[in-house]
There are 6 protein chains.
Amino acid sequence: MLLHLSTWAEIEKFLQRSRTIVIPIGSNEQHGPTGLLGTDWMCPEIIAHQAQEAADILIAPTFNIGMAQHHLGFPGTISLRPSTFIAAIGDWTRSLAAHGFEKIFFLNGHGGNIASIEAAFSELYAEASFARRPAGFALKLCNWWDLEGIDDLAKDQFPTGHGIHATPSEIAVTQWAYPHAIKSVDYSPQIANWGPIREAADFRARHPDGRMGSDPAQASPEKGRQLVMMAAQGLVQEVHAFNCEPMPG
Amino acid sequence: MLLHLSTWAEIEKFLQRSRTIVIPIGSNEQHGPTGLLGTDWMCPEIIAHQAQEAADILIAPTFNIGMAQHHLGFPGTISLRPSTFIAAIGDWTRSLAAHGFEKIFFLNGHGGNIASIEAAFSELYAEASFARRPAGFALKLCNWWDLEGIDDLAKDQFPTGHGIHATPSEIAVTQWAYPHAIKSVDYSPQIANWGPIREAADFRARHPDGRMGSDPAQASPEKGRQLVMMAAQGLVQEVHAFNCEPMPG
Amino acid sequence: MLLHLSTWAEIEKFLQRSRTIVIPIGSNEQHGPTGLLGTDWMCPEIIAHQAQEAADILIAPTFNIGMAQHHLGFPGTISLRPSTFIAAIGDWTRSLAAHGFEKIFFLNGHGGNIASIEAAFSELYAEASFARRPAGFALKLCNWWDLEGIDDLAKDQFPTGHGIHATPSEIAVTQWAYPHAIKSVDYSPQIANWGPIREAADFRARHPDGRMGSDPAQASPEKGRQLVMMAAQGLVQEVHAFNCEPMPG
Amino acid sequence: MLLHLSTWAEIEKFLQRSRTIVIPIGSNEQHGPTGLLGTDWMCPEIIAHQAQEAADILIAPTFNIGMAQHHLGFPGTISLRPSTFIAAIGDWTRSLAAHGFEKIFFLNGHGGNIASIEAAFSELYAEASFARRPAGFALKLCNWWDLEGIDDLAKDQFPTGHGIHATPSEIAVTQWAYPHAIKSVDYSPQIANWGPIREAADFRARHPDGRMGSDPAQASPEKGRQLVMMAAQGLVQEVHAFNCEPMPG
Amino acid sequence: MLLHLSTWAEIEKFLQRSRTIVIPIGSNEQHGPTGLLGTDWMCPEIIAHQAQEAADILIAPTFNIGMAQHHLGFPGTISLRPSTFIAAIGDWTRSLAAHGFEKIFFLNGHGGNIASIEAAFSELYAEASFARRPAGFALKLCNWWDLEGIDDLAKDQFPTGHGIHATPSEIAVTQWAYPHAIKSVDYSPQIANWGPIREAADFRARHPDGRMGSDPAQASPEKGRQLVMMAAQGLVQEVHAFNCEPMPG
Amino acid sequence: MLLHLSTWAEIEKFLQRSRTIVIPIGSNEQHGPTGLLGTDWMCPEIIAHQAQEAADILIAPTFNIGMAQHHLGFPGTISLRPSTFIAAIGDWTRSLAAHGFEKIFFLNGHGGNIASIEAAFSELYAEASFARRPAGFALKLCNWWDLEGIDDLAKDQFPTGHGIHATPSEIAVTQWAYPHAIKSVDYSPQIANWGPIREAADFRARHPDGRMGSDPAQASPEKGRQLVMMAAQGLVQEVHAFNCEPMPG
C-alpha cells in the first residue's frame, strides 16, 4: 500500500490493523559516469514498492535527498547538511507518530546517510529520555543491501569490483526499473580506487569519475531483477518482525 | 530532462547550454475523502515531467514534503515545520548554486507552502545582502495553478465548487496520471465549507472530511489531461522567460 | 489602552474583560529619497494608537524591525533574517499567551513581512499540531492598507503613482504624525519603476532611489489624516470581530 | 538625529562624518504596582532622544523587548529567550555594519539584559575570531545608570529604598516624560525585599508585587528631569569618546 | 565524592541524602607566556576536588571548554561560541535534573564565561517561565575568586600586578597542583596593560603576550596551596548554604 | 605533550614541527553496577596521555561528555543531544583549525558517539563543499578498541562475556589507572543480555543493571595495563600515519 496513492481515511483504517510504516530514504548524488543521480533513493523506492505488491505493508513517500556533501563536486548532487537532515527526519517522525504510528522503518539506500540517520534517531529519543518518559515510537534503520540474502547474491553476481559507490548491484537495480535510462562508457580504470571521505573538493580529486572501488560494467537489468525480488522478500520479513516486536509498557 | 535519470556528466553538459533548473515542490497531506495524500507533490511533478518531454528543460527530483501542519489532524499527512522547510530549501539551493545553476524555479503544488518558500528565499538572499555582494542566483516561485491559461480553464471546467483544498482541478490531474487510484464517496455537503487556517485540531473541527470549499466529484481524468497539457505548455514558457532574464552584473 | 504605559495590575484587570491584544508590526527600511526610515513601523503604530483613543482595545509595544533584507543596500535599513524574525514572533506570542491572551492581532505595515509572519504563525501552531492539542491562541495578520475603506480612499487620493514601496499613502500617514520631518526632492522619474525582489545589491541596481512604482510627491498631511482616521475605525471593527470569534472547544 | 525620522540619503551623508550609532535597548516588563511596563525601554529612549537635541549623534530605533523571562509571571511582560535575543542583536549589528557603521553603542535600560547582550557581542566577534580576521566593528554596552554623575545623583535623591527593580530613579524618568501616566498605590512593605532571580513562578512567589528592594513612592517628575538631563550629557560624552577611539589596523 | 569515579548505583544512593551537585567549569585558553592553557578549568577542578576530600559533596566532571573567542589569536585556545555553550550547559542541566538533582552549582574559573553561563541559566528557566510552571531546579554560578576569603588573601599575596588575566593567583593554584609544569620567562613589561575585549585579532594586537594587567612572576606553589585550601573551605560553605535553601513549593 | 599543561608559545613552536593533534573524546555514563561513570572518557584519556610519554604527539583536553541519551535512565549519566554535540565538535575544530592544525584525530571511547561524530565531520566539511573550496583540515575518528592489536588482545583476555557496554576491557583500563576506585558486586546474570538501543526508559527496562552482554568480573588492573600499553603504541602509529598523509593541494 502506497501512502501517497491513498486517502487519509484509508490510512486511518490501516492504523487499525498495523502501526508500522516503511520510509524509503536515500540520496540524490553522482554515481560515476554511468550511474543515475537518483540511484540511492530509487533503489529503496523500487524495492519497497515491489514489496508492497505482495504484502500488506505501508510505504511512505520517498525521502529523496540525504547527506551527500562529499559528492557536491559533481553536478547534479543535492545534499542536506546533517543538521538539516536531522531536523527533517525529526519532523517526518513527529508527523507519523502524531497519527499513531509506533514502528517507523527507514529503508536506506545510501551509506553516507547512516551516521546522520542514527544521530537523528538519538535526537528524537533524547526528548523522551530527558523528560523521563517513553518515546511512544521505535525507529529502525535498515540498508537495502543488508536485507537477507542480498550480500550473498551480490557477491555471487559480482565477485570482484563491487566496491562501495556506484556499485554494479545498485546500478543493476535501476537498470531493471528504468531500462530506458541505461548508460555506458569505457571505464578507466576498470575498477575504481578507494580513499577516505572528506570534503567535496578532496573527493573529486581522489575519484575523478566519481566511482569508489567499483566496476559498474558488470551490472545488467536481469541481475537487478534478482536483487529487487530478493530484497523485496527480505523487506517483508524484516518489517513483519519489527511489527511484531512488543512496545515497552 | 529528468535530473534523477541523468548522470553527473550529462548535467555538466547541460550546464553549458542552460543555467536553469525546475524543482517540483509540494506537500504530502490529506486531500479530503477521495483526494490522494500525494496530490500536492504529484501535481507539479506530473506537469514538470510532461513539460520536459517536449522542451529542453531540466527537472530536479520532487521536493515532496512541505508545510502542512494544519492537516496533521488527518492520518497520512507529513509536515515540516517552517524552520525545517527553510533549512532544507536552503541546502537544495546551495547545492544547485554550487554547480553553477543561476536560475532556480520552484513549481509549487501547495498553497500552504507559499509563505515558507518565500521566507526561505529571503533567508538565502539575506546572506548576500548582509555581506553586500550579489547572491549569484535568482529564485522564482510559481504555483502550477498560476501558469498561463490554467485559471480560465479551471473556471470553465468547474464553475462552482472549485474551492481551495481538495479541489476538483488538482484531483483531476492525479486521476489522469494515476487512473488506478481513483476513489469516490458521497460528499456531504456536496460543496465543503471554508474557515481560517490555524492548528490541526482546529482545522479538523472546522473541516470534518478535510475539504475546503470544494466539490471533488466534478473531477475526471479527461479534465486532468487538459489541465496537464496546458500547464506543461505554460511551464515551458515561464521557464524560458526566466532563463532569458539577465543576471545582475 | 497602551500596554507600555500601563502597569501589570492594569493588564491583569484588562484580561478579565478581554483576551485580545494588538501588536503594531513593521520594518525599519529605506523609503525612497523622502520617506522616513521608520515609515513601515510608524504607520501601524500611529493607526493603532489612534484607534485606542476611542475604543477599549489594548496595544502592545511596536515590533519595529522586520524582514527587509532587500533594502540593505540603502543606509539606515535594519533587517532580521526570516529565521530570527520567526523566533522573535514566537517569543512575543508565547509571552502573551502565558498571560492568557487568546487572540493576538498583528497590524502590519510592511508587505515584505507577510511571508515571514505567516511562517511564524505556522511554526507556532505546529507545536500544538505535532502534539495533537489545541494551541490555546489564535493569531491574525492584517495589513493596515487592507483595513476597511483604505483601498478605496487611497485609490481616490492617488489614482496614479501609488506603487508598492514608498507609496504616497504611507508617506502621508507619517507626514500627518510627524509634520516636522517632512522631506522633499525632485523625483526622477516622477513615478518609479517596478521589478522582482531579490537580494539587496540587485534591488538597489534596479531601483536607484529606493522607490517601487510610486510618486510620493502626492502625499500630504491632510491625506494622511484621512487615512489614519479611516484605518483606526477599521481596526476597531476588525479587532472587535476577532475578539468575538469563539475559540475552539 | 533620529534614524527613524531620517531618509536613507541623510544617513548616507551622516556616515561621511561619523561611523557611530546609538541603540537604546531595554525590556518590556512589570515594574511593580506603579511602574510602567515600558519603563526599561523608555528610559534609554528618553535619554537618547534628549541627548541628540544638543549633539550631532545618531539614535537608532529602540530595541524594546529584551530578556525578562523572570518577570513572565506578571501580565504584560514580553520576553525574548537569550538565544532569540542574541540572534536579533546579531541581525541589527550585521545590518548596521553593512552600511559602514563601525562603532555600535547600546544604551541599556535593563539589568537582566546585560549577560545576554554581552553573549551576543561574543557571538558576533567569534565569527571574526574563528576566521582570523578583524570584525570591522566595535560594540559597546553602557547602562544608563552607569553614565557619569547618575550614581551620585540617584544616591542623593534616594538615599534609601532605591533597590534594583522598579527603582524610584527609573520611575522618575518615565514620570517626567509621560506625566499623564503617573500611577500611585500604598506600598506594603514600603521598601520591597530582595532575593535570587530564577524562573517566573519563583520570582512572583518571592516578590508578590514585582518590586525588588525599592520604594518607588520617592519618584517625582522633577527628579526624573534632573536624571534625564545629567544622563543625556553623560551619553554625549561617552559616545564622543567611543567615536574617537581608533579602530584596529 | 567524584562522580566520574563513582557508579550509577552510588549516585542513586547519594541522591537520597542530597540533591546538590558541583560542576567545575572553565576554559582552555592562553594564559600569557607562562600560564598553562588549562589554567581556567584546572583551577576550579583543583579546588572542587580538594573540597570533596573533607566534605560529603558531589563533584561532576569538569566542563573544560568555555567562551574564549577573544583568545583565539593565541595557539592552543579552544572556544565555544556562546550559542554552543548555552546549548551544552542546557544539556548538562537537563541530564542532571532528570536524575533528580535540584541544586546545580557551577564553580567557574573564567571571567569570560560569566555572561554566557548566565544567559544559559535564563534560557533554561525560560522554558518553565513560558509554560507557567516551576523549573524544578535552581542554578547557581560562583567564581572561585569570589569564594569567602579569597579576595583578601589574593590582595595580601599580590598587592600590585594581580590584573585580570593570567593573574598570579590562578597561576599559583596550577603551580601547586602541577609543580612539574611550572614555566618562567622575563616579562616585559613586568605588569601588562589593559584594554577593552573584542575579537581575537584586536585582543592580540593590544596584548602581545596575552596577559591583562598581571605580573605572574609573583606566583608560587606555596601561595597556590594557601589559595586552594581557603577556596576549598569556602566552596564547602557555599554548597552547604545552597543545599539548605528551600525549593519553591 | 599535553596541551593543557603547555603555554601558547609552546604550542606555537609545536605547530612548526607538526600540524596534528589528538582529542580524547568519550562520554560520562553509567557502566553497570561496577563500572565508573567516567569510563568512556577516561579510557581514551588514559591511553592518549600514556602515548605522549614516549612520542612527540600533542594531546588536547578531553572531550568528556558525549551522546548518551539512552543511558539517562541511570543516575550520573550526562548527555549532549546530537545537535549540541555536533555544534561543540564544530567549535573545537574551528578553534584548532584557526591555529593551523590540519589533522585532527579524535580518539573515541564510546560506541554511541560514532554516528554523531561522523555527522559532525560532515557538517564541518559541508561548509567547504557548498563553497567549492578545500576544508583546510582533515578529521579522523578512531575508537581505541580499533587500535592495532587491541581486538586480538581483548579476545584473548576475555574469550566470553566481553559484550558491548561495561565491557571487562574498558573496566580493566580504568582499574589500572584508578586502582583506588575498583568496585565489585555479584553479577546476576553473570553475562548480561543484549537488545536494541532506543530511549532511556526502554533501555533501563531491557538492561536493569546497565550492562550489555558483558561480564565485568573478568577485568583486572594487570589486563588493563596490557591494554593501555598496546593501545598507546597503536595510537602513536596511527597518528604518525595520519600526520604523514599529504593534504590535498
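Because the structure is a prediction, the values reported are computed rather than measured. In the text below, chain A, chain B and the rest are named by the order of the sequence lines, each starting its count at 1.
- Within 6.0 Å of atom CD in F:E148, 12 or fewer heavy atoms from other residues, nucleotides or ligands are found, so the atom counts as exposed in its surroundings.
- Without hydrogens or angle criteria, A:E199 side chain to F:A135 main chain gives a donor-acceptor distance under 3.5 Å.
- By the 6.0 Å contact criterion, CD on F:Q233 is open, its count of non-hydrogen atoms from other residues, nucleotides or ligands being 12 or less.
- Interface remark: of the candidates A:A201, A:A119, A:S129, A:G73, A:S129 forms the most heavy-atom pairs closer than 4.5 Å to chain F.
- Other residues, nucleotides and ligands contribute more than 12 heavy atoms inside 6.0 Å of the CD atom of A:E127.
- In this structure, a donor-acceptor pair under 3.5 Å is absent between the side chains of F:S122 and A:Q69.
- Between atom CG of residue F:L80 and atom CD of residue A:E123 there is a gap of 10.5 Å, rounded to the nearest 0.5 Å.
- By number of non-hydrogen pairs under 4.5 angstrom with chain A, the leading residue of F:A68, F:S83, F:P196, F:A128 is F:S83.
- Contact annotation for A:I114: neither backbone nor side-chain heavy atoms come within less than 4.5 Å of a heavy atom of chain F.
- Contacts of F:E245 with chain A are made by side-chain atoms alone, with heavy-atom separations under 4.5 Å and no backbone atom involved.
- Contacts of F:I117 with chain A are absent, with no heavy-atom separation under 4.5 Å from either backbone or side chain.
- Atoms CZ and CZ, from A:R132 and F:R204 in turn, are 8.5 Å apart once rounded to the nearest 0.5 Å.
- For A:F130, the parts lying near chain F are the backbone and the side chain together; criterion is any non-hydrogen pair under 4.5 Å.
- In this structure, chain A has heavy atoms under 4.5 Å from both the backbone and the side chain of F:R81.
- Between the OH atom in A:Y125 and the CE atom in F:M67 there is a gap of 11.0 Å [rounded to 0.5 Å].
- Neither the backbone nor the side chain of F:F85 comes within contact range of chain A; no heavy atom of the residue lies under 4.5 Å from a heavy atom of that chain.
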